[in-house]
Structures are given as structure tokens and as C-alpha cells.
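Just below is one structure, and these are the notes that go with it.
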Amino acid sequence: MKKTALIMAGGKGERFWPKSRLTLPKQFLSLTNDGKTMIQLTVERILPLVDMEDIYIATNESYKALVKEQLPDIPECNILCEPVGRNTAPCIGLGAVHIQHKYDDAVMMVLPSDHLVKYTDIFTDTLTTACSIAEQGTNLVTLGITPNYPETGYGYIKADKSISGKPSYPVDRFVEKPDYETAKAYVEGGDYYWNSGMFIWKVSSILTDLSLYMPETYAGLQKIGQAVGTENETSILASVFPTLPSESIDYGIMEKASDIYLVPGNFGWDDVGSWLAVERIRGIDENRNTFTGNVTALNTSGCTIEGKEKLIAAVGLHDLIVVDTDDALLICSKDSAGDIKKMLEILRNEGKDSYL
């Protein structure tokens, strides 16, 4: 069966401020030493399975030029611009009706644009397995990351391991972000996986489940799908999409549907959720520091410092995040990395929108 992909690239990446901005969010930045941006790496790693003409990018109008610049081989008609953000369920549904218009039915991989994968060959093999399972019946497949520490910032998926010896497991349930002790028990138990936000299914399967569990969204998507390729496509999208309920695919479909399977993933995945991820990506020195740019340090440990040409002299700093850009400087304790979004809200309230 034909393989297609929808890459979701509409996020703002606020936890990576001040490098990630409204005009240049995280997925369009390079955080690796090869100079490639995260969305470029996302496309690159699926090319063994999906033709470029069958890759769709879901984003918004303000990022369309960035997508075209960074992914010039993606057909312009495959850049799907949401009029407003409506969470992942309507986003995925929009991709599904476009693929349905082209192929009637196909395998559809749904991937975030801002994750990193270390072992791409293993990732390809894992996706191949997931695709073969998705082709069977009405199966919905998700990739679950084998956890190696009790992370409290991720959702988890419990697999039913009563059936052994298979490349996948039925999903028992999806669970919200746990506290530390619960996460520790999940990791030690061996039945729980990190929710990667990556899904594989046939277009017909996900649209059927949308009709069953999110009928209002499905009805709106059908109106949009019927307009694809016509002169009314843009106006119908602009009028209908904003009326769709804002809902995640996890809550709207995955927590309710049957025939859900998990394929374990061990391919060096990182969701790059905040500045804390940089030390995992780039590594640390003997003092647990991760430096980028012109940095000189004395009695400094456990710090992530991101600069450019300007000298940053760090003296007696411990467990801090320092990010220097042309117009903004972030100084943040690692313990408070999750509060960067709150700072952006303060900036909005103070009318400092030019820094966002």
C-alpha cells in the first residue's frame, strides 16, 4: 500500500525562547552539529519509506515561506496551512482528507517536526514494522519509546504484554504526565512506554474513527475534503476549519478507539522539549557543561550556555541555562526551565511583543 506522511510543523517552540521566536520557531532551527534544521532532519529520515511528493507539512500561513525555503522539494500543494491552531486531531484530519483526495486510501505516518532521532536505520525499521501492522484491518499504531529514566514531562502508554513474541503490543491505556514516584514505577514495571506522538494508520482507519468519536470534526473535515482541488478550497478551509473543536488526537481518538497497537522504539529519540535537551544532544564536558559559541568558564558546572561571537565569561555558575541572542538574554536555573513559557506571558502583558 502507498505510504504517505504528515509532518506537523505549526508549533511555536516557546520553551526554546529566546532562540525560538514567533517568526522562527524551534522546528526551523538547527540544534545539531550538521547544520540541518529539525524539520529538514524529520523529512530526511523518512525518505527511505516515503516519496517526497507524498510528504505533507501541516503548518500555518506565517510559516509557509520557511517551509518552502527549508524544504524546496516539497510540492507547494502539500504545504497545508491551518487558518488557526486547533490541536492535533483537526490537524491530522486535514492531512487525511488531502491524502484521501489523492489516493483514496494509503498508509499515513504522522510525525512531529521537532524531534530528533539518533539511530535512523533502526527508526526506519521500526516504521516499516508499524506500517505493516497499520495495513491490517483498522489498526491504529503508535510508536512507544522504551523509557530509560523516570521522566515526568512525558505522557505514557501502557502496553498489554500478555501476548508475547510479537513486534507490537495491544495498547491497554494512555496516561497523563505522572509524578516522579509514579514514573519510576512505570519504568521499573516494564509495561509503560513514553508517548512519542508518532502515529501510523490507514487514512480510511483514522477517518472512520473520527466519524465515530469526533463526528462534529469529521463533518467539517468532509466539507473541506470535498473542496480540495477546487477553486473554493481556500475559502472553505478558512470558513470551516476555525469552527472545528480544538482537541488532541490522544484524547479525541486514541483513548477511545479499539484496535490500537504499540510498536516499541529504541532509536535514540528525543522530543527536544526544552533547553534541558541540549546537553543530551550535544554532550557534556568533564564539568557537565554544554557550551556553544565563544564561552570561557571558571569554577562553572552543569551549565548550558548558548552564544555566538560575543565572549561569554562564566564565573562560579552552577546548573544554569544562559542563552544570548542579538536582542534578548535568558538566564534561567535548570530547575525553572519549564517556566520559560510563563516569562513569555509576562512579556506579552508588558507589551514587549517584539521579543516574542
Side-chain angles (χ1 to χ4, degrees), residues 2-11 13 25-29 31-32 36-60 63 66-67 70-71 73-75 78-80 82 85 87-96 98-99 106-134 139-145 154-155 157 193-203 205-206 248-250 253-254 260-273 277:
K2 190 70 176 178
K3 294 181 177 64
T4 65
L6 175 72
I7 297 173
M8 297 181 290
K26 179 179 65 170
Q27 59 269 28
F28 300 106
L29 298 175
L31 296 178
T32 51
K36 297 176 181 177
T37 66
M38 284 195 278
I39 194 171
Q40 289 173 332
L41 290 171
T42 302
V43 168
E44 185 178 278
R45 74 175 69 104
I46 62 172
L47 284 178
L49 296 177
V50 186
D51 295 331
M52 189 71 80
E53 65 184 20
D54 295 321
I55 297 174
Y56 292 77
I57 310 295
T59 186
N60 60 62
Y63 299 151
L66 281 171
V67 173
Q70 295 195 5
L71 301 171
D73 295 329
I74 295 285
N78 287 15
I79 304 174
L80 312 180
E82 300 170 295
N87 215 317
T88 53
C91 172
I92 290 168
L94 179 62
H98 274 266
I99 296 169
V107 172
M108 176 184 182
M109 308 174 200
V110 179
L111 308 168
S113 60
D114 56 356
H115 293 180
L116 292 177
V117 168
K118 188 174 183 180
Y119 307 113
T120 54
D121 289 344
I122 298 176
F123 178 74
T124 300
D125 291 343
T126 306
L127 267 183
T128 300
T129 297
C131 288
S132 66
I133 297 168
N139 293 341
L140 307 182
V141 185
T142 184
L143 302 188
I145 307 302
Y154 300 152
I157 306 171
Y193 294 80
W194 289 335
N195 185 349
S196 71
M198 292 184 273
F199 307 100
I200 304 92
W201 42 52
K202 290 186 297 191
V203 168
S205 299
I206 191 60
S248 72
I249 197 71
D250 284 28
I253 301 295
M254 303 302 284
I260 303 178
Y261 292 86
L262 179 146
V263 176
N266 298 283
F267 37 74
W269 171 86
D270 199 307
D271 82 331
V272 199

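The structure presented is a predicted model; accordingly, all values stated were derived computationally and were not measured. Numbers for residues simply follow the sequence, beginning at 1.
In summary, of the residues considered (Ile249, Leu140, Leu111), a side-chain contact (heavy atoms from CB on, under 4.5 Å) with Phe199 occurs for Ile249 alone. Each of Ile157, Asp271, Ile145 was scored for a side-chain contact (heavy atoms from CB on, under 4.5 Å) with Trp194, with one residue passing: Ile145. For the pairing with Ile39, the side-chain contact (heavy atoms from CB on, under 4.5 Å) check across Thr59, Leu29, Leu71 returns one residue only, Leu71.
Among all heavy-atom pairs drawn from Tyr63 and Pro25, the shortest one is CZ-CG, 3.5 Å. Nearest heavy atoms, Ile200 versus Ala130: CD1-CB, 3.7 Å. In terms of heavy-atom proximity, Val50 sits nearest to Met109 at CG2-CE, 3.7 Å. Of all the heavy atoms in Asn266 and Ile122, the pair that sits closest is O-CG2, 3.8 Å. The shortest heavy-atom contact between Asn78 and Met52 is ND2-O, 4.3 Å. Here the closest heavy-atom approach between residue Leu6 and residue Cys91 is recorded as CD2-O, 3.8 Å.
Going from atom CG of Leu262 over to atom CG of Leu143 covers 7.5 Å, rounded to the nearest 0.5 Å. Taking NZ of Lys202 as the reference point, atom CD1 of Ile99 lies at 14.5 Å (rounded to 0.5 Å). Note that OG1 of Thr32 and CG of Leu116 are 6.5 Å apart. Values are rounded to the nearest 0.5 Å. Residue Ile46 holds its CD1 atom at 12.5 Å from OG1 of Thr120, rounded to the nearest 0.5 Å. In this structure, the separation between CD1 on Ile55 and CD1 on Ile79 is 12.0 Å, given to the nearest 0.5 Å. Put simply, CG on Asn60 and CG on Leu80 are 12.0 Å apart, with the number rounded to the nearest 0.5 Å.
Between Met38 and Ser113 the shortest side-chain heavy-atom distance does not fall below 4.5 Å. The shortest side-chain heavy-atom distance between Lys3 and Asp54 does not fall under the 4.5 Å cut-off. The shortest side-chain heavy-atom distance between Phe267 and Asp121 does not fall under the 4.5 Å cut-off. The closest side-chain heavy-atom distance from Ile92 to Met8 is below 4.5 Å. Side-chain contact between Arg45 and Thr124: absent, with no pair of heavy atoms (C-beta onward) separated by less than 4.5 Å.
Between the side chain of Gln40 and the backbone N or O of Gln70 there is at least one donor-acceptor pair closer than 3.5 Å. Panel note: side chain Thr4, backbone Val107; a donor-acceptor pair is recorded below 3.5 Å.
Note on ring orientation: taking the six-membered ring where Trp is involved, the planes of Trp269 and His115 are perpendicular (angle over 60°, cut-offs 30° and 60°). Ring orientation note: the planes of Tyr56 and His98 are tilted relative to one another, at an angle of 30° to 60°.
With sequence neighbours left out, the side-chain contact (heavy atoms from CB on, under 4.5 Å) criterion links Glu53 to Asp51, Pro75, Lys102, Tyr103.
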Let's go through Val272 and Asp114 carefully: what are the C-alpha distance in whole Å and the side-chain angles of both, what is the deciding distance for side chain to side chain contact (heavy atoms under 4.5 Å, CB included) to 0.1 Å, and is it a yes or a no? CA-CA 7 Å; Val272 199; Asp114 56 356; 5.9 Å; no
